Engineer: 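So that we are looking at the same thing, I have put the structure below in structure tokens.
Quick note on labels: first sequence line is chain A, next is B, and so on, each numbered from 1. Predicted model, so just to flag it, every value in this text is computed and none were measured.
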Amino acid sequence: MLRYTAKRAFLALMVAFTVSFATYFLLFLSTDPALVIAGEDAEPDVVAQIREQYGFDRPVFVQYLDWLGGVLQGDFGKSIYWRQPVEDLIISHAPVSLQLALMGVFVTIIVAIPLGVIAAMRPNSIVDRFALSVAISAQAIPNFWLGLMFIILFAVMVPIFPVSGDETWQHFVMPAIVLGTSSVPSVMRLTRTGVLDVMASDYIRTARANGFRTYRLLVRHALRNALLPVVSVLAVQLGAKLNGSFITETIFAINGLGRLTLESIYGADIPTVQMLIFIFALMFVVLTFLSDVLNAWLDPRIRLG
Amino acid sequence: MPGDGKFLIVDNLRVEIPLAVDSIHPVRGVGFALEKGETLGIVGESGCGKSLTSLAIMGLLPKRAIRTADRLELDGLDLLSLSDKQLASQIRGNRISMIFQEPMTALNPVYTIGRQLTQVMLLHRDVSMAEALDRAEYLLERVGITAAKSRLSQYPHQFSGGQRQRIMIAMALMNEPELIIADEPTTALDVTIQAQILLLLSELQRELGMTMILITHDLGVVARTTDKIAVMYAGEVVESGTTEQVFGSPKHPYTHGLLECIPDPSRVEPGTRLGAIPGIVPSLIGETQGCAFAGRCDYAQDRCHSTEAPMRSQNGRQFRCVLEHGVEEAPPPAALPVKDGGPFAANDEGVSPATASGAAPLLAMDDVRCVFNVRRGIFRQQNKLRAVDGVSLDLFKGEVLALVGESGCGKTTLARILLGLQPIDDGVVRLDGEPMADTGPRDIARRIQPIFQDPYSSLNPRKTIGQTIGRPLEIHEVGDPKERQAMVEEIMGLVGLPRRMYHSYPNQVSGGQRQRVAIARAIIMKPEVVICDEPTSALDVSVQSQILNLLLDLREELGLTYLLITHDLSVVQHMATRVAVMYLGKIVEMGDAQTVFNAPQHPYTKALLKSVLSLTPGAGIPDTHIGGSFPNPLDVPPGCSFHPRCPEATDRCKTEMPVGTDTAAGFVRCHLFDDTAMDLPAKRDVAAGIG
């Protein structure tokens, strides 16, 4: 297990470096940063001066190493638009996003997994049909509409939760439900398929022939196998929630990484955008690593290969 | 009432699975009774309701299925009156255990063996974890898993197939059941392992006084291990009685037919046509009229199709047939398909094996090696898997060379090499004297064609049978579409496919017919060599005999040469003129089929032959005297690679690989024969001189 983890960690690190390299260069290829800072109408000599001042005239590779050295020491560069260190921006916005994403995934888990399991235990029954219709609705309803409906229903008409903001945990309830709902369909259906497959497997037949049934059969013999693929999908969903909840954050006026990204892009804030993209990519790398390790822990065939 | 006082009573057991319009009746009034300690064998083709009968006894049928029975009693306890909950808590895994076919998937991959074994006991008995672990350890030792204690914490994938089946047996014994139902317990295993497992099962049964139901399609297994037989056909028991009665003098035409299908040299001359049951098991949808077997029966009369056959009782045996005294007294059916001529000697005009005459081989392998580099993970060292390790082999025109060995020995790689599909790392393959490397893939494909094991996946499901068979003609640009169709239809007639199937798709025809399609595709270009890789392993014995007959006929008609790759030695014995035995990439013995079967030399060949279960009622399972299972081909033992399993291994075998000797009886690679080399007087003189 330790060996496997170390191997995965090393691979994750390699991927992280590749990603940092790629994000840095892609942004450089897409635009001339000096021109962006100086503004479209700037005189050529001003642009040249900025280029020299920021070090854009050095070879790209040197700039990359410089940037990477800074990042590794906690210096993420200075934001052009917000006029403060990028690390401060990220530190101030990240916790809110993290809380929202974790609560969102929590909602997904407590809704999708039980629903998927129940649906699979009685395939094609009324329960199954109900679960399926929940899944289809959740897939069809856009996030922004659901968000607005929640605000109208539970903040305006029946004021249970605050309309917007991110001061207390109550502020996160509605956005988390909205955010969590979006991944219910995929996770639920994967759970359902997983449980159905496992229940039809030879080893479940063995367990049944040995006298196991219903609850014990499910919990002691089926669930662990059925949830193996779900773990990987949940990791990806969590990553997506951490990175891209622009819409939900905007609707509920939550000042997280999503909104920071959006505004930095509007402000042509290259250092901030660059760092955010890198961090988003890094989150996926880390989450994939964690789900690999979790899967290995759950599945001895991976662990002991 | 019949069966009173018996240990297990099943009377008029029926299973019905409702469909949208009609319903399937896979089990139709099955009945039998067993004394304590008896073994019942249930035999029949697939789709006859054998497995569903056993699941019905356990109450483990699919949810939609409806089970009814007049009586279903275990030691006086009425199983019909128990709820599913009561069945689960009192019967399943406690008083009745099951052993299933697929050892590779029947254990839960994510839990340890110890957990899976103890759970069964903890569920039914009021014992502590420590007591359950003790029992699990004891049983693992008993079923032949060494170092049981440490292996309890291992997972299923860390055991071989044979070991997993042993673990399944241990699991079934955890609560000392009174009845064991074994459903094809050895079907997925190699022959040597099969013999070991069966031996173990019958020993344990005797020791623990258990009653057993053994379900299998392997009549040799049943004949040797059971007291009673029930032959099932289309959901009914068509014949039952003691094993000796049923196999000694079968009364029902179906039983008779099944036994005729078996390539058993004690009953059928090798190389002659086997008996066959034409047709397939009928659909089990709806109620049948008359005798279900009438459509395939050589003895069928008009009334068989309209009235149900009566169940007849004679000397404690039963059979369901219109013939009052069964097949024996009826005149032999018009022509039991035995072709005149018989053995291979009949094949004159060059078809007879050309080995002795010194003719040039059609296909020749000279010291061929094929090594796969296996790398598990990027940081691990590369491992070399020597799939074919210095094989020299000649295939002469007209012969049937059988290549035998357990799974993993390199048989299939060798076949791929001969088909030109697998590049070799060393040595040379010659086709008619020309190196195969210089022959284009099209030419090879025209002259050498394969028939594979699985007729389900070796045919493209989106192509009609006509298209599939005609595809080689298209590739080689033979004729115009009309001529091609005529050729396809001709070849379909030759392999026994009705012409109306030209436009059918593979899923619309039976398994046997699919294999006929594969054969038709292989022979349409009139190849010289056909490589048959387990051509009948996926088929029922009744279909197997049809395919084997077809292969023999085609050989005679078209002068084909076969390389037959199989692990089924009874098929080999029936078909082959010459045999090569392969072990871990090397040929260990090769010679004339009759010589090899009558006087095997290599200990491995001897063990393989011992594991062949011929139809000998009550003979029991022979001990093959070879231990363990087939080694990991990535980790070949040093010296003679067979030495860890060899009963005659010496110290020399552990370090030195024998080079192989040509003895009077053929080639053998074993130190026991180092000094018996034939026609090498020089060598012998030298040896004597040194001595």
Engineer: Check side chain to side chain donor-acceptor pair (under 3.5 Å) between B:Tyr138 and all other residues, then give those that pass, not counting sequence neighbours.
Structural biologist: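 Checked B:Tyr138 against side chain to side chain donor-acceptor pair (under 3.5 Å); zero matches.
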
Engineer: Given the options B:Lys63, B:Gln101, B:Met171, B:Gln119, which has more heavy-atom pairs under 4.5 Å with chain A than any of the others?
Structural biologist: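 So the answer, after comparing B:Lys63, B:Gln101, B:Met171, B:Gln119, is B:Gln119.
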
Engineer: For residues A:Val19 and A:Phe278, report the shortest heavy-atom separation together with the two atoms involved.
Structural biologist: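 The answer is CG1-CD1, 4.2 Å.
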
Engineer: What are the residues of residues 128-135 of chain B, in order of number, with any heavy atom under 4.5 angstrom from a heavy atom of chain A?
Structural biologist: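 No residue falls under the 4.5 Å cut-off.
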
Engineer: Measure distances from B:Met174 to the heavy atoms of chain A and classify the residue's part below 4.5 Å as side chain, backbone, both or neither.
Structural biologist: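 It is neither, since no heavy atom gets under 4.5 Å.
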
Engineer: Against chain A, label B:Asn175 side chain, backbone, both or neither, depending on which of its atoms sit under 4.5 Å from a heavy atom there.
Structural biologist: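 Contact with chain A is absent: no heavy atom of B:Asn175 under 4.5 Å.
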
Engineer: Assess whether a salt bridge exists between A:Arg122 and A:Asp128, defined as any Lys/Arg side-chain N lying under 4.0 Å from an Asp/Glu carboxylate O.
Structural biologist: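 No salt bridge links A:Arg122 with A:Asp128.
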
Engineer: Quick one: does A:Ser232's side chain get under 4.5 Å of A:Asn295's, heavy atoms only?
Structural biologist: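 Side-chain contact under 4.5 Å: yes.
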
Engineer: Would you mind checking which part of A:Arg205 comes under 4.5 Å of any heavy atom in chain B, side chain (CB onward), backbone (N, CA, C, O), both or neither?
Structural biologist: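 Interface part for A:Arg205: both.
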
Engineer: For the backbone of A:Val187 and the side chain of A:Thr191, can you confirm whether one donor and one acceptor N or O come within less than 3.5 Å of each other?
Structural biologist: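 Yes, A:Thr191 side chain to A:Val187 backbone: donor-acceptor pair under 3.5 Å.
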
Engineer: Given that the side chain runs from C-beta out, which part of B:Lys85 has a heavy atom under 4.5 Å from chain A: side chain, backbone, both or neither?
Structural biologist: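 Both parts, heavy atoms under 4.5 Å.
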
Engineer: In terms of heavy-atom contacts, does CD1 of A:Ile126 have more than 12 from other residues, nucleotides or ligands at under 6.0 Å?
Structural biologist: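 Counting neighbours around CD1 of A:Ile126, 12 or fewer heavy atoms of other residues, nucleotides or ligands fall under 6.0 Å, so no.
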
Engineer: Taking the six-membered ring for Trp, are the ring centroids of A:Phe212 and A:His221 within less than 6.0 Å of each other?
Structural biologist: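 Aromatic pair counts; centres sit under 6.0 Å.
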
Engineer: With a 4.5 angstrom heavy-atom cut-off, could you sort out which part of A:Arg220 is near chain B: side chain, backbone, both or neither?
Structural biologist: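 Both backbone and side chain of A:Arg220 come within 4.5 Å of chain B.
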
Engineer: Do B:Ile181 and B:Leu214 come within less than 4.5 Å of each other through their side chains, counting heavy atoms only?
Structural biologist: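 B:Ile181 does not reach B:Leu214 side chain to side chain.
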
Engineer: Checking B:Leu123 against chain A: side chain, backbone, both or neither under 4.5 Å from a heavy atom?
Structural biologist: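 Contact with chain A: side chain only.
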
Engineer: At what distance, to the nearest 0.5 angstrom, does CG of A:Leu282 lie from OG of A:Ser20?
Structural biologist: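 So the CG of A:Leu282 and the OG of A:Ser20 are separated by 8.5 Å.
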
Engineer: Is it true that B:Thr211 and B:Glu178 share a donor-acceptor pair across their side chains at a distance under 3.5 Å?
Structural biologist: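 No, no side-chain donor-acceptor pair sits under 3.5 Å.
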
Engineer: Determine, using ring centers only, whether A:Phe25 and A:Phe21 are less than 6.0 Å apart.
Structural biologist: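 Yes, ring centres under 6.0 Å apart.
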
Engineer: Got a second to check how far B:Ile24's CD1 is from B:Leu52's CG, nearest 0.5 Å?
Structural biologist: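 It comes to 9.5 Å.
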
Engineer: Name the region of A:Ile204, side chain, backbone, both or neither, that has any atom closer than 4.5 Å to a heavy atom of chain B.
Structural biologist: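 Neither part, no heavy atoms under 4.5 Å.
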
Engineer: Identify whether the distance between the nearest side-chain nitrogen and carboxylate oxygen of B:Asp183 and B:Lys50 falls below 4.0 Å.
Structural biologist: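 So B:Asp183 does not pair with B:Lys50 through a salt bridge.
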
Engineer: Just how far is it from atom CG of A:Leu227 to atom CG of A:Asp299, taken to the nearest 0.5 Å?
Structural biologist: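 Result: 12.5 Å between the selected atoms.
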
Engineer: Give the interface residues of residues 92-100 of chain B toward chain A, defined by a heavy-atom separation under 4.5 Å.
Structural biologist: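 Residues of residues 92-100 of chain B touching chain A at under 4.5 Å: B:Arg92, B:Gly93, B:Ile96, B:Met98, B:Phe100.
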
Engineer: With the side chain counted from C-beta on, respond yes when A:Arg301 and B:Val110 share a heavy-atom pair under 4.5 Å apart, and no when they do not.
Structural biologist: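 In short, these two side chains touch, coming nearer than 4.5 Å.
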
Engineer: Does a sphere of radius 6.0 Å around CZ in A:Arg189 hold more than 12 heavy atoms from other residues, nucleotides or ligands, not counting ones at 6.0 Å or beyond?
Structural biologist: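 12 or below, so no.
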
Engineer: Considering heavy atoms only, which positions within residues 145-155 of chain B lie below 4.5 Å of chain A?
Structural biologist: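 The stretch touches chain A at B:Tyr155.
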
Engineer: For A:Lys241 and A:Val105, indicate whether the former's side chain and the latter's backbone hold a donor-acceptor pair under 3.5 Å.
Structural biologist: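 No; judged by distance alone, with no hydrogens or angles, the pair does not exist.
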
